[in-house]
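Only heavy atoms go into these numbers, but all of them, side chains included; no hydrogens, no water, no symmetry mates.
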Number of protein chains: 4
Amino acid sequence: MDDMSKVYVMVLRCPDRPGIVHQATGAILSVDGNIIENAQFTDPDSGMFVMRTRFRSKADAQAVRGSFAAELPSNEFDVRVRPETERLRALVMVSRFDHCLLDLLYRHGNGELDVDIPLVVSNHTDCKRLVTERGIPYLHLPVSAATRHEQERRLREVIAEHRIDMVVLARYMQILSAELCAELRGRAINIHHSFLPGFKGARPYHQAHERGVKLIGATAHYVTADLDEGPIIEQDVIRVNHTHDAEALARLGRDVERSVLYRAVQAHAQDRVILIGDRTIVFS
Amino acid sequence: MDDMSKVYVMVLRCPDRPGIVHQATGAILSVDGNIIENAQFTDPDSGMFVMRTRFRSKADAQAVRGSFAAELPSNEFDVRVRPETERLRALVMVSRFDHCLLDLLYRHGNGELDVDIPLVVSNHTDCKRLVTERGIPYLHLPVSAATRHEQERRLREVIAEHRIDMVVLARYMQILSAELCAELRGRAINIHHSFLPGFKGARPYHQAHERGVKLIGATAHYVTADLDEGPIIEQDVIRVNHTHDAEALARLGRDVERSVLYRAVQAHAQDRVILIGDRTIVFS
Amino acid sequence: MDDMSKVYVMVLRCPDRPGIVHQATGAILSVDGNIIENAQFTDPDSGMFVMRTRFRSKADAQAVRGSFAAELPSNEFDVRVRPETERLRALVMVSRFDHCLLDLLYRHGNGELDVDIPLVVSNHTDCKRLVTERGIPYLHLPVSAATRHEQERRLREVIAEHRIDMVVLARYMQILSAELCAELRGRAINIHHSFLPGFKGARPYHQAHERGVKLIGATAHYVTADLDEGPIIEQDVIRVNHTHDAEALARLGRDVERSVLYRAVQAHAQDRVILIGDRTIVFS
Amino acid sequence: MDDMSKVYVMVLRCPDRPGIVHQATGAILSVDGNIIENAQFTDPDSGMFVMRTRFRSKADAQAVRGSFAAELPSNEFDVRVRPETERLRALVMVSRFDHCLLDLLYRHGNGELDVDIPLVVSNHTDCKRLVTERGIPYLHLPVSAATRHEQERRLREVIAEHRIDMVVLARYMQILSAELCAELRGRAINIHHSFLPGFKGARPYHQAHERGVKLIGATAHYVTADLDEGPIIEQDVIRVNHTHDAEALARLGRDVERSVLYRAVQAHAQDRVILIGDRTIVFS
């Protein structure tokens, strides 16, 4: 493999019509790009075409962006292209439960999570050591009903200052304001400790136990003002039975939560998730 | 193994206290029974103890029932015991979709479903050949809003006449009256083509597609007047993605439906399902 | 959607280099085709590029094939293109176990299996009624060590006469000769009632029981002379435990076998399986 | 619940005959015990009966053991009984890969793993900080072909000195001698990074990739001198496809390994695993 070449990821969206792939691959060819991976989908409900392509090229990022702007004009195409080395910058938020946070940090350290984590924000101090011992700053932003507005103002500053691309709510137990949700549309991922649209709201494992379900699950979704209704990115379940009380369900559920959140964050980090209306296309 | 011995299944329920298993196994010992399989559970929510035991004994059914009545008095214990050869008699009901029906009939013919099926009832004639070619009578009981009362009266006659122990709604698309549901409490199993408590009501696969879920499922439950809320017996899911439209979801869902319904019916047929309030204990 | 247009499936293979997708989509554009679905993969081990594309065009099959031959010369590309309505013709072979056969026939009748089935061949008569009652001819070709050569000669005639594209061994318990395996390379699918490379050879469920495994599985693979070593198309497993004897494992295994074989046959029927050396690319 | 009572776990093994459960529950009743959980199994292959019972009693451990010795004589029954608060003492051994170790330590700290961990032993120093920062001693015992005998002598001392009940090989990449395997029979658990009996030996993910499997898995088993052939305790798999190279398979495999090892260790810690010959009974 050529040492001088870079891997790029392109995501393209536009209304469907004949010739799009030909034109898009023409743009790639214009920078002598060789396609490594390509996935595409035409959504019959919306008539939208979406495409995610990884390619290798010796051209630098500026040249690639220039060529793409010329070949795929912005009035026709919604295109993003970036070198894979320019990783998304993720702000992880957490409250007291540390299982999702630990899993993300472990995989981050292990090279299994393709984001940079400039800092972790929490409304509690419980998880501080877990974060700082990995050399990641931990910002304690406590919040109450009275201070929510001020806390979110501070959060916006942090997001701007650290050039945050995505926010991961890793069991962050506070509700974000509708305004902040709107600002972070398609960029903030939450893990709901339930198989949506099953048990919404609080204490889903108690609800699940009372209902006697035989499977419990977790859902990672983009954050929206309409709580527990954001576009679903990833879900999974685990088999349970009558011997599991609500506490046992919660314990088993934590394993599902951490896996599901990781898979969702990694998919987003690799530009595999494309939002069309309230549904996601997730290229596997 | 002794040719003269029989296998019995005992199901026992009572409020929990010390000594129950000792007393119950004493009853089994009184008929020289040898336990093959035993499962038990104390439900912390209700304080009820439940136990399912298979044992082998040379005593005949009358002798076993007599001994058990003496050793496990009915004012203290709710006990049922029967030779496994006395199989439950199941009435299968169906409308137009035949995938659950076919799977049940195939397994029945194959020795994988431990019930007798004296007849199949349908409000349509679509599945008639599938049933009659296996030598099972097919009773066509059409129904409309105007004739529902009369149809259910006829259904009750059929249930009595054929000494039906359990009713299986194998995608029977008509709602039973609250009265009939109450009469069949804990004896009628429905397959809901959704992962409850997810998408209730009609067209769950369309709902699932619109919501962009990543898993779809099916739920087998006991029938209650409160539609889609009966005690859950079995559930399963299958992974789906954005390429599946509502029709594809329905096609994949059928595979889950037939497996889930079979497992629920077989568990009930083997006395593995015990109802406590609105939850089931299912001994695997 | 235009009533006059047809859906085509193209499968293309060639050594990887820049510009392939651009050239291939150029061929599609030359017949005013609009891409519905596209999947591609570059195999790093072999350096081969493979691509499967569904597109819609008003051009007829002859025109499409003509354009493709011109645009994608056969000395550079291995290309197949066909209208989806030209379905593959599958010969299903079976011995005594009918669970895979029934599942294939049921799905065939139901529109879930995109092949034509001109006939079923068996070395036994057990499954005859199951086949003929669906209006499909059933050819009884008994075989013994002495007659194997003659039986395979007859089989070749049948394959030629009925213009068979693929052979499905749906629990056909006879070994095909190395010559026939070679002739059918990449066109004959077998279901092995084990999770390969686990328990090869005979009586895998007895082996699994003796080994005390906690999962059992099934494998669908292309037939090769090296028994149980052909390229794997699909696999699945089911959880088991100590209470399952070899017979129970076999019963549970049948459910996995029928699902796995169906998924493999359908994938092949939709041109989703591409063979590179001894491994398969399966576009989901 | 009575503050003075304790929960006990009893495991009983004996040749099957009528009356065992009655006699065993009689022993429990003799200490005014109330059964919380009971599971039993008669192994048809060996004719052995095994039973695991959790019960609550106000009697102290000495009294319970005395009563049991009297009621269940050791010439007829192999019985162990202990208060649940007397947790097994586990020695965890590790080499360089830390994913299984971290998962065990995290769950240990979280109350999800019912063992004490007096120390961790490793032939490397890579994982030292992970262990010591949790306040657990880390003993570095390097080993080479020349020093193996001496290292195992030291290991035996550590096992004796720390009163170790079980050994967990959490990706410990050294082979134990046949003598040590024999001494630890039924007390040492290994995680094999393959779905046994699939790819044995080294580099299973490379083997899996070359074979083009569609599922990969992991197996936790008791250690025996016959490498990769010990009695299986737990297994699981994950779906993979052609896009996964050996490295990606290894990464996905790590998630399966850590789950499978945890479940096996926890099952052993709760006395749920009973060894009969080369197979395990695992009471779920």
Part of S284(D) within contact of chain C (heavy atom distance under 4.5 Å): neither

All pairs passing ring pair (Phe, Tyr, Trp, His ring centres under 6.0 Å) where residues 217-236 of chain C contributes a residue, at least two apart: Y222(C)-H268(C)

Interchain contact, D45(D) with chain C, by part (heavy-atom threshold 4.5 Å): side chain

Which portion of I276(D) sits near chain C, non-hydrogen atoms under 4.5 angstrom: neither

Leading residue by heavy atom contact count with chain C [cutoff under 4.5 Å; candidates E234(D), R239(D), H242(D)]: H242(D)

Crowding at CZ, F49(C) (>12 non-hydrogen neighbours, <6.0 Å): yes

Residue list, side-chain contact (heavy atoms from CB on, under 4.5 Å) with I36(C), at least two apart or on another chain: V7(C), R54(C), R56(C)

Toward chain D: residues of residues 204-215 of chain C with heavy atoms under 4.5 Å: H209(C), E210(C), R211(C), G212(C), V213(C), K214(C), L215(C)

Enclosure of E84(C) CD (heavy-atom neighbours >12, cutoff 6.0 Å): yes

CZ (F41(D)) with more than 12 external heavy atoms under 6.0 Å: yes

Pairs where residues 13-22 of chain D contributes a residue and the test salt bridge (Lys or Arg N to Asp or Glu O under 4.0 Å) is met, not counting sequence neighbours: R13(D)-D78(D), R17(D)-E76(D)

Most chain C-contacting option - heavy-atom pairs closer than 4.5 Å, from D245(D), D43(D), D236(D), T42(D): D236(D)

Residue, of V237(D), V282(D), T219(D), D278(D), that accumulates the most heavy atom pairs under 4.5 Å with chain C: V282(D)

